[in-house]
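Every number for a ligand or one of its atoms is a count from 1 in the order of the listing. Hydrogens, waters and symmetry mates play no part in the numbers below; they use all other heavy atoms, side chains included.
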Amino acid sequence: MNLSTISSRTLLALSLALAGTFAATAPAQAAAPLQHQQVPGFYRTMLGDYEVTALYDGGGTIDSNLLKGDPALIQSLLARSFQNDPKHVSATVQGFLVNTGSKLVLIDTGTGGHWGPSTLGKLVKNLKASGYKPEQVDLVLLTHLHGDHAGGIYKDDTRVFPNATVMMKKADADFWLSKEIMAKAPEEAKIFFQIAQAGSAPYIAAGKWKPYEGMDEIVPGIAPYAIPGHTPGHTGYMISSKGQSLLVWGDVAHVGAVQMPHPEVGIAFDSDSATAIKTREALLVKLAADKTMIAAAHMPFPGLGRLRKADNSAGYEWVPTTFLDLE
Ligand SMILES: [Zn+2]
């Protein structure tokens, strides 16, 4: 049949017949069930010879009144980032798995479901989704012992990483494992002591709990990096391979929309607010100048990015990594 000879009436009849057949044999598009599930929460990149995998523990929200600064400024910065509910500012938690080729090192472990809403606690599930097993982890490095970083090391009083040594700065272990300091702490802070003490117990019993002091390098290419203020021993880890560097910075910032442009804004979680602010201000200057890649526990997943100086203010902007395939 020559298309040009078809009358518009024939075409209409044809299309109605076709529509009728289609309707009889296939469901309407709108009836397709919603799928709900998200992609697995891991993101992988290479740093020289080292493989770095960001592992998502989960997301939640925090109340902006935890931020310490000019309330009007804080609200306007949040609104600029489309965070319009001051009681529910979005926040994520992630840890970082580093395969050096000879050691599998996990830096921070998420909450393990011991702290925060039930939307957290997925780090091990995502570690498995990324192709590894908890028993393959040789070393767990903790930036500090808050429950959203150390909570993932234990479950039901047993070790989640049965072959791993767990290391953190001695000042943090001394503080959070102290029953005396815990007894004097405000009620709302006690949960952090409880998690640190419950999590450390099975590793201490197994001889796998190793607080450290004054170490230049923990394994080749992974060095502690002092970031004082957030907790008594809060420490980042500088990872270096083949001339590339990545700083896992722990809790330098919790709300990027506010603390990047205004690093002088503190947060209630800081043990020593004045020191934390000074540290953040100095570190942001340095990391923006060096263009160092950052792995951040609480910037939007995967928490990998760099800093640049803002054009029109004294502050900084977070430039997230872009999604890339590895091959
Ligand atoms: Zn944290």
Subject >> Contacts of type side-chain hydrogen bond (donor to acceptor under 3.5 Å, both in side chains), residue Tyr237, not counting sequence neighbours >> reply: Tyr212
Subject >> Any residue meeting side-chain hydrogen bond (donor to acceptor under 3.5 Å, both in side chains) with Tyr132, in chain and number order, not counting sequence neighbours >> reply: Glu51, Asn99
Subject >> Whether Thr275 side chain and Gly229 backbone form a donor-acceptor pair below 3.5 Å >> reply: no
Original post:
Rounded to 10°, how big is the angle at the Zn ion (ligand 1) from His298 NE2 to Asp148 OD2?
Top reply: 80°
Original post:
Between the Zn ion (ligand 1) and His149, is there an N, O or S atom separated by less than 2.8 Å?
Top reply: yes
**OP:** Find, among atoms of Asp251 that are N, O or S, the one nearest to the Zn ion (ligand 1), and state its name.
**Re:** OD2
**OP:** For a side-chain hydrogen bond (donor to acceptor under 3.5 Å, both in side chains) with His230, tell me which candidate from Thr279, Asp270, Asp272 qualifies.
**Re:** Asp270
